Amino acid sequence: MDSLHADFLDWLRRLVWSAFAAPGDGAGARAPGSLGTLSCSLRYFVVRLVDMHIVWPSEITDDVVSAYIAHLQSEVEDDPDALALSEGVAYNRLMPFALLWRQRFALERAGIAPMPAPPFRRGGASAIAKVIAAIAKGSYYPLPDEVAVPVLNTAMRMLGAPASDVIALVESCETTYAFGRIMGGSDAYQRVIAIRRQNDVARAFRFSEVNGVPWHPPLAPDNFDEQEIEKIATKLRIYLLRRTAEFRAQPNEKKVPTLPTWKPLRSQDQRIVVDFRSLALAIGESAGDANFLIRHPELRRLVNEVANEQGLPSVPIISVLQRVRQLVLAVRSAAHIVIQAVTGMRISEVCGMTAGLDPGTGLPLNVEVRDSISGLGEVFILRSVLSKTEETPRIVEWTLGYRPKGSKELPPALLAMIIVERLLSPYRQLLDVDDLFVCFSNNKGLPRSRRSVARSSAENLARTVKDFIAEWVDLVDLADEAARKTMDKELVPYRESRGRNLTTHQLRKLFANFTIRVDPRLLPVLQMHFHHVSIAMTDGGYVMSNPTLLRDQHDVRYQHMALLSLELAQGKTRSAGRYGEFLEQRVRTELGARISGLSDEDAYRESYLYVEAANLDQLFFEPHGICGARSASQMACHHEAGTEAVVRWSRRLTPNYASRTPTLCAGCESFAVARWHLPYWEQRYLDHIVEIRQLEAFGMVGPEYDNANALTLARARQAQSLCRALGSDIDDLERRVAAKVEALLNAAQKVEKG
């Protein structure tokens with residue numbers, strides 16, 4: 001109500017009044033009941049315009065609208081609490097711009113100059129809200145492979161020897177503490193003795209060797225290898241002398257730190273701090289040697305002297321038991337990453353997982369092992385609590401993994417659950433709950449009472465995941481650009497924040513995108529794993545119908561199709577097959593014009609919106625290609641099965657999985673093949689042509705063999721044709737064929753002689 005904003009409030013009141021009394025552009029008058037929604041919309045709108053020093057509608061240019069949208073988007077990307085932002089909420093925050101444009105004539109009659117131009121480009125506020133909501137769900141930008149690979153690899157490595165060591169360390173510490181508490185003396189005395197003994201046990205612990213060296217240095221700095229410390233100290237002194245000389249040579253008014261630094265996201269004072277990983281690399285050591293720089297008193301003193309001179313905060317002192325705590329949380333976060341990345345669970349469902357092991361099988365009580373329908377494999381099913389989309393929590397099932405019958409191997413997610421079960425067992429007992437994941441509510445050291453432990457929360461788990469990535473995942477050497485770009489300098493935020501900008505929502509799509517990119521032949525397994533409809537229907541005994549899971553599937557396909565459309569429109573890839581040729585031409589004509597001259601980020605956004613507008617999110621992905629399901633009469637699988645008339649009345653047209661085969665699909669009007677399917681068709685050509693060449697080598701040719709060989713030869717030629725259309729190196733393919741045939745013939749000769 002400050003007088004400074006009198007003009008702003010005047011036209012704002014007129015805007016609201018006109019929306020009800022004099023609607024513009026042929027719109028109907030707003031209902032009185034919508035005033036509450038409009039109030040919420042304007043509350044956010046007004047605050048942002050005041051922050052941007054906007055007074056009049058005429059000052060709201062395209063740049064102002066773009067900055068507003070960017071701010072709304074950045075809030076979603078940076079703030080975990082904003083992840084619940086729905087498409088409706090995003091639209092309401094954008095709607096005042098559209099309202100202001102629609103009511104421009106009513107304001108103009110009052111002498112208030114209107115906005116210079118319509119506020120939004122193609123699609124309007126709803127299209128922008130859709131993108132922002134997709135970001136909030138973690139379904140918009142896929143996690144780049146350059147980040148995903150080291151995150152998953154590091155998490156899986158942490159579940160090996162490191163997890164075993166940390167579990168043993170926790171058990172020793174807790175046993176020692178419990179024993180110390182039953183000694184004589186006052187309660188305070190017992191507590192001091194117990195903590196002292198716990199500290200001694202931790203200091204004496206020796207970590208296992210991985211690749212010939214301990215994966216973690218001793219917890220007590222006085223147990224560090226002194227020769228190693230002296231070598232590091234020598235390199236560090238030389239490096240710090242150079243950086244100090246450079247710093248002092250700068251003009252006083254323009255001095256900036258010469259030590260490697262980084263700015264943690266959401267730090268309380270927003271001060272930059274010393275980047276010890278980069279510092280270790282700068283002196284010629286490995287990134288893991290940052291532990292020595294942080295925890296050894298002499299090395300820490302050397303760094304602190306220079307850091308303080310350059311205005312950087314001192315390195316905090318980390319006690320032995322505080323480091324034990326950090327290791328416990330690191331293993332917990334590694335297990336969390338693995339569970340969420342390979343199941344697609346929400347973080348709220350991870351919080352809802354329950355503890356308990358079956359003494360007979362050693363498996364978690366909430367995991368059921370079911371035979372696959374073929375009887376050749378075992379499927380591990382997890383029962384977890386779903387709460388995010390439900391009025392009341394309910395139990396849902398998730399596929400954890402699969403193994404061949406008789407195998408003793410455990411799926412990664414199941415292994416992670418067993419590790420968390422053992423790791424957090426002492427603290428679960430303190431709290432007296434059956435939650436698999438629990439949180440530490442004390443600030444330092446290990447919990448010693450019920451007050452020091454709390455039930456898990458999404459915020460706590462998400463924060464410690466970011467801490468784990470920042471400390472353990474090496475992103476220091478990330479390039480600026482991702483291999484598959486969705487924006488300019490896409491990898492820079494991951495490198496500069498040390499991965500703290502990664503959200504757990506991205507983990508839900510990570511595994512699916514990564515698997516498809518590594519080997520498209522794994523798609524049948526992936527479809528079954530993520531409860532997809534098509535191939536999973538053959539094992540329907542353990543696949544449940546869940547709208548949440550179908551949305552997960554949709555998000556993955558949406559991302560994949562957005563990237564494919566972008567690459568087709570830019571001419572970076574080709575597609576083959578009868579539908580593939582049509583699709584490529586259509587995308588280049590329609591999307592190509594829309595992205596011409598746009599930045600990588602804007603081009604990806606247009607591609608993302610185009611996918612739904614063109615109904616490309618309804619395509620079906622198979623290991624050998626893409627089914628466009630154009631119409632029942634244009635699908636060879638339905639023609640073959642005689643189901644054309646039946647499926648015309650279906651709510652959604654889907655392939656006939658009982659009759660479709662790669663050979664049948666390849667000639668279908670609804671079939672397309674993308675570049676990522678090339679390995680499948682190269683292998684198919686290799687398998688069939690090698691069989692023909694073998695028969696020729698053994699003289700099994702001629703009229704009596706023609707009928708038997710015709711189908712094999714036809715399949716080989718069909719596969720070769722698609723390989724050629726997708727740009728395969730045919731000469732290299734023929735060399736592989738010749739080598740394979742020669743190896744098989746040599747093996748046959750050895751058998752004949754032997």
Side-chain angles (χ1 to χ4, degrees), residues 148 150-171 207-208 210 215-216 324-357 362-367 380 382-385 398-401 409-428 431 433-440 446-447 453-473 499 502-508 510-511 514:
V151 167
L152 268 184
N153 283 348
T154 305
M156 283 301 301
R157 282 196 297 269
M158 184 63 75
L159 298 187
S164 298
D165 279 357
V166 174
I167 290 171
L169 177 58
V170 166
E171 290 174 348
F207 293 96
S208 303
V210 176
W215 67 271
H216 192 280
V324 175
R325 172 200 176 93
Q326 291 176 345
L327 292 177
V328 172
L329 296 180
V331 173
R332 186 191 73 175
S333 293
H336 169 196
I337 288 171
V338 170
I339 290 171
Q340 200 169 3
V342 305
T343 63
M345 296 174 70
R346 287 182 174 83
I347 193 170
S348 58
E349 284 126 29
V350 173
C351 292
M353 296 171 70
T354 56
L357 295 179
L363 297 179
L365 293 172
N366 57 350
V367 172
F380 295 85
L382 166 71
R383 296 183 301 279
S384 179
V385 176
W398 294 88
T399 304
L400 285 180
E409 295 295 324
L410 295 178
L414 185 58
L415 176 63
M417 289 177 61
I418 294 172
I419 286 172
V420 176
E421 171 76 36
R422 294 184 56 196
L423 177 71
L424 300 180
S425 177
Y427 315 116
R428 202 178 293 117
L431 195 58
V433 295
D434 65 350
D435 298 354
L436 181 64
F437 286 86
V438 294
C439 299
F440 296 170
L446 297 174
V453 193
R455 304 192 74 171
S456 59
S457 68
E459 182 181 3
N460 183 282
L461 291 183
R463 184 174 63 251
T464 52
V465 161
K466 294 174 187 290
D467 292 341
F468 170 80
I469 295 172
E471 178 178 359
W472 294 93
V473 182
L502 183 148
T503 69
T504 55
H505 282 62
Q506 290 175 290
L507 295 175
R508 302 181 61 206
L510 183 157
F511 183 73
F514 176 61

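Everything numeric in this text was worked out from a predicted model, so none of it was measured.
- The closest donor-acceptor contact from the side chain of Asp165 to the backbone of Phe207 lies at 3.5 Å or more, if one exists at all.
- The closest donor-acceptor contact from the side chain of Thr464 to the backbone of Ser333 lies at 3.5 Å or more, if one exists at all.
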Could you please spell out the steps behind the side-chain contact (heavy atoms from CB on, under 4.5 Å) verdict for Leu461 and Val350? CA-CA 9 Å; Leu461 291 183; Val350 173; 4.2 Å; yes

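- Among residues two or more places apart in sequence or in another chain, the side-chain contact (heavy atoms from CB on, under 4.5 Å) test is passed with Val210 by Ala161, Trp215.
- Every residue two or more places apart in sequence or in another chain that forms a side-chain contact (heavy atoms from CB on, under 4.5 Å) with Thr154 is listed here: Arg157, Phe468, Trp472, Val473.
- One distance of note links CG of Leu357 with CG of Leu363; it measures 8.0 Å at 0.5 Å rounding.
- Leu415 CG to Leu410 CG: the interatomic distance, rounded to the nearest 0.5 Å, is 6.5 Å.
- Closest approach of Met417 and Leu400 over heavy atoms only: SD-CD1, 3.8 Å.
- To the nearest 0.5 angstrom, Arg332 atom CZ is 7.0 Å from Phe440 atom CZ.
- Using a 4.5 Å heavy-atom cutoff, the side chains of Pro162 and His216 are not in contact.
- A donor-acceptor pair under 3.5 Å links the side-chain atoms of Arg428 to the main chain of Glu421, judged by distance alone.
- Nearest approach of Leu431 to Ala454, heavy atoms of both residues: CD2-C, 3.5 Å.
- Side-chain contact between Leu424 and Val328 is present, with heavy atoms from C-beta onward closer than 4.5 Å.
- Not counting sequence neighbours, the partners of Ser457 by the side-chain contact (heavy atoms from CB on, under 4.5 Å) test are Glu459, Asn460.
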Which atom pairs, donor and acceptor, lie under 3.5 Å between side-chain atoms of residues 335-342 and protein residues at least two apart or in another chain?
unit_1	atom_1	unit_2	atom_2	d
His336	NE2	Gln340	OE1	2.8
Gln340	NE2	Met345	O	3.1
Gln340	NE2	Thr504	O	3.3

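- Partners of Arg422 by salt bridge (charged side-chain N to carboxylate O under 4.0 Å, His left out), not counting sequence neighbours, listed by chain and number: Glu171.
- In this structure, the separation between OG1 on Thr343 and CE on Met353 is 7.5 Å, given to the nearest 0.5 Å.
- Here Pro411 pairs with Phe380, Leu414 under the side-chain contact (heavy atoms from CB on, under 4.5 Å) rule; sequence neighbours left out.
- The structure places CD1 of Ile418 at 13.5 Å from CG of Leu423, a figure rounded to the nearest 0.5 Å.
- Looking at Leu436 and Thr354, their side chains never come closer than 4.5 Å, going by heavy atoms from C-beta outward.
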